[in-house]
Amino acid sequence: MSCLVAIAAAFGAVAEPVCWVDYAATWGLTAENTYGGRERKDFIVETTGNGVALFDADQDGDEDVLLLNGTTLSGPITGQPRNPVLYRNNGKGQLTELARLPVEGWAQGVCAGDYDNDGKTDLLITYFGQNRLFRNRGAGKFEDVSAPAGLPSTGVRFGSGCTFLDYDRDGRLDLFIANYVNLDLEKTPRPGKGEFCVWKEIPVMCGPRGLPLASNLLYHQEPDGTFRDVSAGAGILKPGGRYALQAVTADFDNDGWPDLYVACDMTPSLLYRNRGNGTFEERGVEAGVAFNADGRLQAGMGVAVGDFNNDGFLDIAKTNFSGDLTSLFLNEDGKFFTDVAGPARLGVRQLLGWGIAFLDADDDGWRDLLLVNGHVYPEVERAAVGDAYRQPTLFFRNLGNGKFADLTATGGPGLAVDRPSRGLALGDLDGDGRPEAMILNMNDRPALLKNTAPGGRFLNLRLQGVKSNRSAIGARVTVEAGGRKWIDEVRSGESFYSQHSMTLHFGLADVRKVDRVTVRWPAGKTETWSNLATNSRCNLTEGATAAGCQVY
């Protein structure tokens with residue numbers, strides 16, 4: 001599939017703004033993912049799949065890659081990894097296996113944050129079973145500290161999306177964990193044996209409807225580094241059970257306190273507003289983000305947060321089940337949202353979506369959307385129902401007028417391959433300053449998409465807290481340049497079960513100088529840096545007057 005880049009160079013034609021090319025094999029990612037059965041899925045735990053994390057595991061300044069894995073119900077598969085696998089990046093995109101985290105099982109989601117403020121990024125990995133907190137010991141070594149940190153080490157939960165956040169702004173990261181269903185494999189009907197175990201007359205795995213609802217959990221980090229379950233007192237349990245998948249934290253009402261949004265499957269999605277006193281108020285229905293534009297339930301999967309119309313409020317995009325639109329909740333005023341998916345022209349493709357991300361792929365100053373898709377039922381491949389298990393990766397370009405253009409067909413060979421995708425994470429792996437897209441594909445090799453088309457100018461920012469949490473999660477950044485203004489925040493856990501790089505990327509179109517960067521730190525202080533060069537990466541430290549910038 002041509003992107004017209006070569007033609008444009010030779011004849012002066014207009015090139016496409018993106019040309020996505022898959023570099024996974026070239027850069028060293030060839031191992032297949034392990035997750036349940038390939039040809040059929042007997043239980044819902046085999047369908048959700050895994051996430052991926054891009055973060056600097058060894059403190060060398062480059063983004064490394066963590067690919068999660070699951071297991072199977074039928075026993076080991078020779079030669080395939082069943083542990084989360086960490087790949088070291090040499091700074092130029094070449095990835096080599098560094099370590100395998102020492103826990104097998106049904107890994108689900110991952111979120112990152114320096115919970116102990118020692119300068120090394122730690123990980124929380126959710127599981128069907130017991131969740132695991134991995135403390136980063138340096139040099140690619142991670143220690144499972146779940147039990148000593150006070151997290152439950154017995155019983156079975158279906159952990160899904162997670163996010164570190166400092167909800168009380170005390171400088172210590174707390175932890176929110178969503179849970180999908182209360183699943184007991186011994187009590188769950190087999191495919192075709194229950195009311196919710198048939199889809200389009202095909203016997204399929206049962207759920208989530210018909211299975212017990214689960215509850216979300218909030219853990220407060222105590223001064224001694226342990227985590228205490230405060231879910232009840234903080235108001236997290238008040239809305240009742242949900243089939244919750246991805247959770248994300250962001251300050252949606254611009255009051256300086258991190259809120260929470262949770263995408264839920266066939267139950268109303270949740271918006272927890274942080275009251276600033278240690279408690280949350282759930283107002284998803286009132287705010288307009290619990291249902292679609294018609295007031296109907298959705299099977300929400302993944303979540304992206306970004307200010308797509310550059311009005312100073314963070315908006316929400318959400319992937320949903322096959323046959324439904326991708327939700328695009330426009331943040332009107334910090335309190336109320338409107339689902340503008342239809343007018344924004346996101347309904348041209350109605351696939352089964354998972355990972356989703358806002359990114360300015362062409363650096364024109366407007367955040368685009370990248371979505372990865374794949375069905376839950378491999379059985380559809382053998383039935384004439386009009387659905388496919390492997391589905392396209394979609395790219396929608398933001399036109400800057402509230403509408404998006406579907407450029408999938410002309411977006412390059414990386415978008416021409418159908419995949420059984422789940423997790424999606426963004427980060428600059430080859431050191432050119434522009435983020436790549438890491439895609440985890442169920443029971444298949446990963447994809448690593450790089451936009452090889454030329455783009456505009458940009459600014460990358462890495463933040464480090466001092467009084468605030470070291471990862472600066474929750475920091476609000478405002479960039480002003482060329483008479484325009486952009487905002488973003490440092491977040492933990494997003495997309496579907498995944499972790500983006502915490503380096504913030506701002507596309508700046510043709511602007512040559514950044515007039516001002518303002519950071520509102522989680523601890524409350526606001527600081528400003530002026531006259532920064534574009535096409536550079538700047539390290540901003542809380543309390544430091546100078547920005548450490550390096551031009552690419």
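All figures in this text were calculated on a predicted structure; none of them were measured in a lab.
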Novice: Would you call the rings of Phe252 and Tyr261 parallel, tilted or perpendicular if under 30° counts as parallel and over 60° as perpendicular?
Specialist: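 If you compare the ring of Phe252 with that of Tyr261, the planes turn out perpendicular.
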Novice: Tell me whether Glu542 contacts the main-chain N or O of Ser468 through its side chain, where contact means a donor paired with an acceptor under 3.5 Å.
Specialist: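 The answer is yes, because a donor-acceptor pair under 3.5 Å joins these two groups.
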Novice: Once you measure the plane-to-plane angle for His375 and Phe321, does it fall in the parallel (<30°), tilted (30-60°) or perpendicular (>60°) bin?
Specialist: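 If you compare the ring of His375 with that of Phe321, the planes turn out perpendicular.
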Novice: Strictly under 6.0 Å, is that where the ring centroids of Tyr167 and Phe280 end up?
Specialist: yes
Novice: Mind checking whether Leu371 and Ile356 have side chains closer than 4.5 Å, heavy atoms only?
Specialist: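 The answer is yes; the side chains approach within 4.5 Å.
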Novice: Which distance, rounded to the nearest 0.5 Å, do you find between the OG1 of Thr518 and the CZ of Arg476?
Specialist: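 The distance works out to 11.5 Å.
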Novice: Would you say the side-chain atoms of Asp144 pair up with the backbone N or O of Ser146, donor to acceptor, closer than 3.5 Å?
Specialist: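 Yes; at least one donor-acceptor contact below 3.5 Å.
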Novice: When you look at Asp170 and Arg172, which way does the salt bridge (charged side-chain N to carboxylate O under 4.0 Å, His left out) test go after all the steps?
Specialist: CA-CA 6 Å; Asp170 64 355; Arg172 296 185 296 271; 2.9 Å; yes
Novice: Kindly indicate whether the side chain of Leu54, heavy atoms from C-beta on, has any atom under 4.5 Å from the side chain of Leu426.
Specialist: no
Novice: Going through the checks in order, is the side-chain hydrogen bond (donor to acceptor under 3.5 Å, both in side chains) test met by Gln298 and Ser327?
Specialist: CA-CA 9 Å; Gln298 295 180 293; Ser327 302; 3.1 Å; yes
Novice: Give a yes or no on whether a salt bridge exists between Asp118 and Lys120, defined as a side-chain N under 4.0 angstrom from a carboxylate O.
Specialist: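 Salt bridge between Asp118 and Lys120, a charged N being under 4.0 Å from a carboxylate O: yes.
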Novice: Is it true that the side chains of Asn469 and Ser471 contain a donor and an acceptor less than 3.5 Å apart?
Specialist: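 Their side chains do not contain a donor-acceptor pair, so the 3.5 Å distance test is not met.
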Novice: Return yes if some donor-acceptor pair links the side-chain N/O of Gln464 with the main-chain N/O of Arg470 below 3.5 Å, else return no.
Specialist: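 Judged by distance alone, no pair lies under 3.5 Å.
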Novice: Determine whether Ser501 and Asp428 make a side-chain contact, defined as any pair of heavy atoms from C-beta on separated by less than 4.5 Å.
Specialist: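 Ser501 vs Asp428: side chains apart.
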Novice: Looking at Asn83 and Pro102, would you say the former's side chain and the latter's main chain have a donor-acceptor pair under 3.5 Å?
Specialist: no
Novice: Salt-bridge test for Arg88 and Asp60: reply yes if a basic N is under 4.0 Å from a carboxylate O, no otherwise.
Specialist: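 Here Arg88 pairs with Asp60 in a salt bridge, since their nearest N and O are under 4.0 Å apart.
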Novice: Is the closest side-chain heavy-atom distance between Tyr115 and Ser492 below 4.5 Å?
Specialist: no
Novice: With distance as the sole test, does Tyr87 use its side chain to make a donor-acceptor pair with the main-chain N or O of Gly28 at under 3.5 Å?
Specialist: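 The answer is no, because no donor-acceptor pair under 3.5 Å joins these two groups.
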Novice: Is the count of non-hydrogen atoms from other residues, nucleotides or ligands lying under 6.0 Å from Arg157 atom CZ greater than 12?
Specialist: no
Novice: If only side-chain N and O atoms count, and only distance matters, is there a donor-acceptor pair under 3.5 Å linking Arg100 with Asn69?
Specialist: no
Novice: Please determine if Arg283 forms a cation-pi arrangement with Phe336, meaning its NZ or CZ atom is less than 6.0 Å from the six-membered ring centre and no more than 45° off the ring axis.
Specialist: yes
Novice: Can you tell if the side chain of Met205 reaches within under 4.5 Å of the side chain of Asp42, non-hydrogen atoms only?
Specialist: no
Novice: Kindly say whether Asn331 contributes a backbone atom to a donor-acceptor pair with the side chain of Asp315 at under 3.5 angstrom?
Specialist: yes
Novice: Indicate whether any N or O donor in one side chain lies under 3.5 Å from an N or O acceptor in the other, for Asp114 and Thr121.
Specialist: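 No, no side-chain donor-acceptor pair sits under 3.5 Å.
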Novice: Can you establish whether the number of heavy atoms outside Arg462 located under 6.0 Å from its atom CZ is more than 12?
Specialist: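 Yes, the 6.0 Å shell around CZ holds more than 12 heavy atoms from other groups.
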Novice: Between Thr279 (side chain) and Gly235 (backbone), is there a donor-acceptor pair under 3.5 Å?
Specialist: no
Novice: If you measure from the Lys or Arg side-chain nitrogens to the Asp or Glu carboxylate oxygens, is any gap between Glu286 and Arg273 under 4.0 Å?
Specialist: no
Novice: Against the six-membered ring of Trp257, is Arg169 placed for a cation-pi contact (under 6.0 Å from the centre, within 45° of the normal)?
Specialist: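 Arg169 over Trp257 ring: yes.
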Novice: Does a salt bridge link Arg367 with Asp307, judged by any charged N lying under 4.0 Å from a carboxylate O?
Specialist: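 Asp307 and Arg367: not salt-bridged.
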